[in-house]
Amino acid sequence: MSGDCLFCKIINREVPSEFLYEDDDFVVFRDINPAAPVHLLLVPKKHIRSMNDFKNEDSAIISGLFVLAREMARQQGVDKSGYKLLFNVEKGGGQVIFHIHLHLIGGWEK
Ligand code: 5GP
Ligand code: ZN
């Protein structure tokens, strides 16, 4: 938990958000400003600042994000039509929330 981190607050339910999925390690919710009909944020509960900051011991979290992405794509019905998975890394890479998250974007066509 990082005190002024929005995604930590969402994970701790200090800021309301509807979770499409939750387990001990991850939450999934919709992006507030979707770039496509389906735009999910897959977020580890552990506060990791960016792709630059994850430690080797966090490898299971990173690979877990991709397993989760496959499942969420299926659940959202975009697995066959196709989707994008995206990490924005640091300011120049478009990162604005400094709590690591994977964007799942798709649903342009069914
Ligand atoms: P980044 O640019 O850091 O990779 O992505 C952050 C994403 O979080 C943006 O796409 C932005 O629309 C989304 N976002 C920012 N604030 C909120 C919020 O309060 N709730 C939700 N659901 N998404 C948010
Ligand atoms: Zn955080």
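For the single chain, residues carry numbers from 1 onward in sequence order. Every number for a ligand or one of its atoms is a count from 1 in the order of the listing. Computed from a prediction, not measured in an experiment: that's the story for all the values here.
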Could you check [atom] against the protein and tell me its nearest heavy-atom contact, residue, atom and distance included?
| atom | value |
| --- | --- |
| atom 23 (N) of ligand 1 | Ile32 N, 3.2 Å |
| atom 5 (O) of ligand 1 | His101 NE2, 3.0 Å |
| atom 2 (O) of ligand 1 | Gly94 O, 2.7 Å |
| atom 19 (O) of ligand 1 | Leu6 CD2, 3.5 Å |
| atom 12 (O) of ligand 1 | Asp31 OD1, 2.5 Å |

Query raised in the report: Do side-chain atoms of Lys45 reach the backbone of Asp23 as a donor and acceptor pair under 3.5 angstrom?
Result: yes

Query raised in the report: Which atom, counting only N, O or S, brings His47 closest to the Zn ion (ligand 2)?
Result: ND1

Query - For the Zn ion (ligand 2), the closest N/O/S atom belonging to His99 - result: ND1

With rounding to the nearest 0.5 Å, note down the distance linking [atom1] in [X] to [atom2] in [Y].
| X | Y | atom1 | atom2 | result |
| --- | --- | --- | --- | --- |
| Leu85 | Phe66 | CG | CZ | 6.5 Å |
| Ile32 | Ile10 | CD1 | CD1 | 7.5 Å |
| His103 | Asn88 | NE2 | CG | 4.5 Å |
| Ile62 | Phe54 | CD1 | CZ | 4.5 Å |

Report task. Look at atom 8 (O) of ligand 1 and find which of Asn33, Leu40, Leu41 reaches it with the closest heavy atom. Result -> Leu41

**Report entry** From CA spacing to verdict: side-chain contact (heavy atoms from CB on, under 4.5 Å), His101, Phe29
**Finding:** CA-CA 11 Å; His101 52 279; Phe29 48 89; over 6 Å; no

Requested in this report: Would you check whether Ile97 has a nitrogen or oxygen atom less than 3.5 angstrom from a nitrogen or oxygen atom of ligand 1?
Outcome: yes

Query raised in the report: Looking at ligand 1, does any of its N/O atoms fall within less than 3.5 Å of an N/O of Asn88?
Result: yes

Query raised in the report: Does ligand 1 have any atom that is closer than 4.0 Å to a heavy atom of Phe98?
Result: no

Query raised in the report: Can you list the steps and then say if Asp25 with Lys46 is a side-chain contact (heavy atoms from CB on, under 4.5 Å)?
Result: CA-CA 7 Å; Asp25 299 319; Lys46 181 173 179 183; over 6 Å; no

Report task. Among Val28, Leu86, Leu65, Leu40, find the one that has a side-chain contact (heavy atoms from CB on, under 4.5 Å) with Leu102. Result -> Leu65

Report task. Mark up the atoms of ligand 1 that fall under 4.0 Å of a heavy atom belonging to Arg30, in ascending order. Result -> 21 (C), 22 (N)

Query - Ligand-side contact atoms (ligand 1) for residue partner Phe7, heavy atom cut-off under 4.0 Å - result: 8 (O)

Query - Residues which pass side chain to side chain contact (heavy atoms under 4.5 Å, CB included) with Glu90, listed by chain and number, not counting sequence neighbours - result: Arg49, Ser50, Asn52, Asp53, Phe98

Report task. Check ring pair (Phe, Tyr, Trp, His ring centres under 6.0 Å) between His99 and all other residues, then give those that pass, not counting sequence neighbours. Result -> His47

Query raised in the report: Of the backbone atoms (N, CA, C, O) and the side-chain heavy atoms from C-beta on, which set of Phe29 has a member under 4.0 Å from an atom of ligand 1: side chain, backbone, both, or neither?
Result: side chain

Query raised in the report: If you stand at the Zn ion (ligand 2) and look out to SG of Cys8 and SG of Cys5, what angle do those two lines make, to 10°?
Result: 120°

